[in-house]
Amino acid sequence: MPRSRTPPAGWSAFYRVVRRIPRGRIATYGEVALLAGSPRAARQVGYALAALHGTRHRLPWQRVLGRRGPDHAAPSILDPMGAGVQRALLEREGVAFDARGRVSLERFGWRPRRLRRRPA
DNA sequence: GACATGACGTAAT
DNA sequence: TATTACGCCATGT
């Protein structure tokens, strides 16, 4: 784990994507990685976000969730407290969780128009 | 350069 | 549906 408080340069692309996620919408780690240009670096996104603890940042980290199936996402934070905080922050911006603690990507998934991701 | 670590993702069981 | 197993890849040692 990183002992440094200053995020490595390689993570800036991830942070840049996270910053663009609008209020009331969510994205998955894989999505962020994809939009950042590293399709298979979902794990690094989580790593990068975890490094934000205790730092002064303005990233909407709560809007990044883990995939739980084709059309649902949910907090992937191990610490239940952290996950609770994330959920509270999201609900405050209008994101609804179902009975199983999942969020519908259909309803709240972020769909960026202007960045990569072309149909075929 | 090899090896370990990890807020992940997907497929298999 | 829940667990396990494995692949990925940026960082730190």
Side-chain angles (χ1 to χ4, degrees):
Chain A
M1 352 162 117
R3 306 260 196 286
S4 172
R5 300 238 170 192
T6 53
W11 292 345
S12 60
F14 298 149
Y15 295 140
R16 231 170 7 242
V17 173
V18 174
R19 252 193 307 272
R20 297 183 55 233
I21 306 175
R23 242 181 135 250
R25 313 227 85 175
I26 60 98
T28 65
Y29 296 95
E31 268 273 297
V32 173
L34 174 66
L35 295 172
S38 302
R40 314 276 136 70
R43 242 178 139 149
Q44 280 50 245
V45 174
Y47 196 5
L49 294 186
L52 296 176
H53 284 291
T55 69
R56 249 204 327 264
H57 60 83
R58 294 191 197 219
L59 291 174
W61 62 271
Q62 73 274 20
R63 296 177 194 151
V64 183
L65 308 183
R67 228 182 223 307
R68 293 290 162 114
D71 32 57
H72 286 91
S76 290
I77 300 182
L78 305 174
D79 170 31
M81 280 294 252
V85 171
Q86 179 172 34
R87 174 169 177 162
L89 288 171
L90 288 175
E91 293 184 316
R92 199 173 60 177
E93 28 184 273
V95 175
F97 285 72
D98 65 17
R100 311 193 60 226
R102 304 177 312 174
V103 175
S104 164
L105 291 173
E106 168 96 28
R107 296 174 58 195
F108 305 103
W110 174 40
R111 327 220 210 308
R113 302 182 175 188
R114 197 128 234 182
L115 211 44
R116 309 190 184 228
R117 183 106 80 119
R118 37 190 165 165

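All values below come from the heavy atoms of this structure, side chains included, with hydrogens, waters and symmetry mates left out. Quick caveat, the model's predicted, so the values are computed rather than measured. So you know, we letter chains A, B, ... as the sequences are listed, proteins then strands, and number each from 1.
Contact annotation: side chain of A:Arg43 to base of C:dG7, donor-acceptor pair present below 3.5 Å.
Atom NE2 of A:His72 is separated from atom C1' of B:dG9 by 17 Å (rounded to the nearest Å). Straight-line distance from the CZ atom of A:Arg102 to the C1' atom of C:dT1: 10 Å, rounded to whole Å. Remark: P of B:dA7 and CD1 of A:Ile77 are 10 Å apart, rounded to the nearest angstrom. When rounded to the nearest whole Å, the span between CD of A:Glu31 and C1' of B:dA7 equals 17 Å. Spacing between atom CZ of A:Phe14 and atom C1' of C:dC8 amounts to 11 Å, rounded to whole angstrom units. For A:Leu59 and B:dA7, the CG to C1' distance is 14 Å, given to the nearest whole Å. Following rounding to the nearest Å, A:Leu105 (CG) and B:dG9 (C1') show an atom-to-atom distance of 13 Å.
Closest to the A:Tyr47 side chain, of the nucleotides B:dT5, B:dT10, B:dA7, is B:dT5. The side chain of A:His53 approaches B:dA7 more closely than any other nucleotide in the set C:dA10, C:dG7, B:dA7. Of the listed nucleotides (B:dA7, B:dG9, C:dA2), B:dG9 has the atom at the smallest distance from the side chain of A:Arg67. The listed nucleotides are B:dA7, B:dG9, C:dA10; the one nearest the side chain of A:Trp11 is C:dA10. Among the nucleotides B:dA7, C:dC9, C:dA2, the one closest to the side chain of A:Ala41 is C:dC9. In this structure, the nucleotide among C:dA2, B:dG9, C:dA10 sitting nearest to the side chain of A:Ser38 is C:dA10.
Of the residues A:Val85, A:Val18, A:Ile26, A:Leu90, the one that meets the side chain to side chain contact (heavy atoms under 4.5 Å, CB included) test with A:Gln62 is A:Leu90.
Using a 4.5 Å heavy-atom cutoff, the side chains of A:Ile77 and A:Trp61 are in contact. Between A:Val17 and A:Glu31 the shortest side-chain heavy-atom distance does not fall below 4.5 Å. Counting only heavy atoms from C-beta outward, the side chains of A:Arg63 and A:Arg23 approach each other to under 4.5 Å.
Nucleic acid contact for A:Arg68: none, since no nucleic acid atom lies under 4.0 Å from a heavy atom of the residue. Looking at heavy-atom distances under 4.0 Å, A:Leu49 makes contact with a base.
Nearest-nucleotide mapping onto DNA chain B: of A:Gln86 and A:Gly69, the residue sitting toward the 5' end is A:Gln86.
OP1 and OP2 of B:dT10 both lie 4.0 Å or more from every side-chain N or O belonging to A:Arg40.
At least one donor-acceptor pair closer than 3.5 Å links the side chain of A:Arg111 to the backbone N or O of A:Glu106.
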